[in-house]
Number of protein chains: 2
Amino acid sequence: MADRSPTGRPQRVSMADVARRAGVSSQTVSRVSNGHPGVVDTTREQVLAAMRELGYRPNSAARALRSGRFRTIGVILFSLSSTGNVRTLDAIATSAAAEGYAITVIPVEAPTQDGVNGAFTRMGELAVDAVILLMEVHLLDAASILLPTDVPVVVADSDAGDRYPVVDTDQAAGSRTAVQHLLGLGHRTVVHLAGPSESFAAQRREDAWRRTLREAGREVPPVYRGDWSAASGYEVGQEIARTDATAVFAANDQMALGLIRALAEAGREVPQDVSVVGFDDVPDAVAFRPPLTTVHQDFAEVGRRCVAGVLRQMADHTIPHGRTLVATRLVERASTAAP
Amino acid sequence: MADRSPTGRPQRVSMADVARRAGVSSQTVSRVSNGHPGVVDTTREQVLAAMRELGYRPNSAARALRSGRFRTIGVILFSLSSTGNVRTLDAIATSAAAEGYAITVIPVEAPTQDGVNGAFTRMGELAVDAVILLMEVHLLDAASILLPTDVPVVVADSDAGDRYPVVDTDQAAGSRTAVQHLLGLGHRTVVHLAGPSESFAAQRREDAWRRTLREAGREVPPVYRGDWSAASGYEVGQEIARTDATAVFAANDQMALGLIRALAEAGREVPQDVSVVGFDDVPDAVAFRPPLTTVHQDFAEVGRRCVAGVLRQMADHTIPHGRTLVATRLVERASTAAP
DNA sequence: ACGCACGATGTTGACGTGAACATCCCCGTG
DNA sequence: CACGGGGATGTTCACGTCAACATCGTGCGT
């Protein structure tokens, strides 16, 4: 049985308590607490000792009230079930922690107008100094009227027009590399297994695929479309397996996983009969059967730049515009070969 | 170009501003803001109008300072790269949002003592009313001295002794079901591809596997061990492929993925030659080749109970002890068959 | 030896909110 | 018609911190 304060509500130790114990004024405690200079070593020691004895922890509410800063960044996102979002979030949290900022996560349950509005309303009441948005453009558009106007914003993985700065993976360059890799192996053309049409990332990948084929003077086959999930990749893959496609560029690794299974079940082996390239480079991609050739996204860099973006806005009180693109690179494994 | 306040630092609207505009006292604004009764409709309307015109948003720092509550729950976890953690976090965030609580994520960079201490120190200064821990037991043990004593804590997915209440998936029952399923199909015994030995979940799954075999009077083969990753599953799977094992229980789905590839490459097809059961039921499991039979974890329920647990502690000022187990269920797909 | 300057510490007040208490006014009742 | 009661609204104050200013004392220069 734990021996904790049995009274239930423990009243917190304040600066005044520490000051009394140490025999100094609370201002001196404040100075010690914030590492200000101008406190004699012996005094500082007394104060630190009193803090330790009393278990003093600064009250962040009072601090925030006084300073107007919470040292917290809010992240609004649709769901934590998408790999990309999670990895970006992870990177954001790590970068923010390095800067002494905490991350508050606001999940938007449903990708509906109401859901987004709800999240923004909650965010408005929230204790955050800045907001990072991980979501699709059209919902942002409709909801942006509710974005608090006095809070820096950075948008990741979407298109904010010129309203907010955007940090994004270079979807176009990544897709181009993937398609060119397949063409370079000798494939006549490349089929695309696209993501959902509401997704901005999916659109950009699809556009780049089409443009690359056109520029190479190749035939542009009809688009197949999934919803990012491996299950949808499998389903759509069954259709693709019935065509004479020899190379497929899947808009993400999960769909590539489902696609490969569909192809295998139809007797078309990867990469002997069909080459497949994915996008994301999820950690498991190396363990797929066969190990997946895919476009690696640098989520850590995206996260770093998002955090740097809002911090800069906080420091400058300016609103930078424009798009920051983070480079990708093709990771060649065993799912591609000459036709 | 956005037309936002060009002065840089925008001074926020306070209750006093709204009160002046509406021609009432700030206390009346407070009452309207908090939905208190005893405000006449016409007055309420005036206040709401003034709030709208001025774009008033309550200052959460002042609110928190006054009320002593942040309406925020902190979640400490090692990394967002583990599927289980992320899904639990997602569930926690959703449940918390439903209760009007926000989630602050504190990632612990390295699973070292310093890393953990850093997180706790930061957490101590953080604006949270409660803490949910998603981490392994031994690190918690070493670090717990730094846990603020006046904050409710719930531990998920670990073992807190009797110090804190624990919410966990019923690892033992899930593993037992998996092993029994394989034995029921006629396999003589079951090989276990365990998780890392530091992991509490991995230990429990391994223990249950061993106990189930013993109880059934079967031979207990040596344990193979991975680190949760698909890559490690592949590596260890190559060893397993050289044995005469006919049934493998993998401690998670990702390792099962790697294992299946290793078996296939060694010419041993799943499920014809070897049956494989996973643990987690990740969304992709249905798209594995073959679709994976696995133990489904109810992360949503774990998240709900974690949140309910800390909220109850906040309400009661009591520290409940003991372990809450969340049931699992076996999802039979195509990776298991009679030997 | 005197005074001044500067370094160490103390005092005061304000940040925005909301509980507790005070006041005011209207209406009903004796 | 006076008075009491109760509902609506206003006033005061404290929450914990920290910046700005005030004060105190010591040491150094002349």
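The sequence lines fix the lettering, A, B, ..., with proteins before strands; numbering per chain opens at 1.
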Round to a whole Å and report the spacing from CZ of B:Arg66 to C1' of C:dA20.
9 Å

Check the side chains of B:Thr104 and A:Thr104 for a donor-acceptor pair under 3.5 angstrom, ignoring hydrogens and angles.
yes

What parts of residues 26-35 of chain B reach DNA chain C, counting only heavy atoms under 4.0 Å away?
B:Gln27, B:Ser30, B:Asn34

To the nearest angstrom, the CZ-P distance between A:Arg57 and D:dG16 comes to 13 Å

Where the side chain of A:Met15 is concerned, which of D:dG10, D:dC18, D:dA14 is the nearest nucleotide?
D:dC18

Nearest-Å distance, CZ (A:Arg69) to C1' (C:dG16)?
17 Å

Overall bend of the helix from C:dA1-D:dT30 to C:dG30-D:dC1 (five pairs an end, 10° steps) is 60°

Distance, rounded to the nearest Å, where A:His36 contributes NE2 and C:dT9 contributes P
15 Å

What pair of heavy atoms forms the shortest contact from A:Asp168 to A:Phe200, and how long is it?
OD2-CE2, 4.1 Å

Which nucleotide sits closest to the side chain of B:Leu65: D:dT17, C:dG16, D:dT9?
C:dG16

Between A:Arg44 and A:Leu48, is any pair of side-chain heavy atoms under 4.5 Å apart?
yes

Under a 3.5 Å threshold, yes or no: a donor from one side chain and an acceptor from the other, between A:Arg63 and A:Ser33?
yes

Which residue lies toward the 5' end of DNA chain D, A:Ala16 or B:Val40, if each is placed at its nearest nucleotide?
B:Val40

Quick one: do B:Thr169 and B:Val302 satisfy side-chain contact (heavy atoms from CB on, under 4.5 Å)? Show the steps, please.
CA-CA 7 Å; B:Thr169 293; B:Val302 172; 3.8 Å; yes

On the nucleotide C:dG16, are OP1 or OP2 found under 4.0 Å from the side-chain N or O atoms that B:Arg63 carries?
no

Want to settle it: does B:Ala62 or B:Gly38 sit nearer the 5' end of DNA chain D, counting the closest nucleotide to each?
B:Gly38

Is the shortest distance from a Lys or Arg side-chain nitrogen in A:Asp129 or A:Arg71 to a carboxylate oxygen in the other one below 4.0 Å?
no

What's the closest nucleotide to the side chain of A:Ser25 if the choices are D:dC15, C:dT17, C:dT11?
C:dT11

Can you tell me how far the NE2 atom of B:His36 sits from the CD atom of B:Gln27, to the nearest 0.5 Å?
8.0 Å

Looking at every heavy atom in both A:Thr28 and A:Val47, which two are closest together, and how far apart are they?
CG2-CG2, 4.4 Å

Can you tell me which nucleotide in D:dT9, D:dA19, D:dG10 comes closest to the side chain of B:Thr43?
D:dT9

So do the side chains of B:Met15 and B:Asp17 get within less than 4.5 Å of each other, counting heavy atoms only?
no

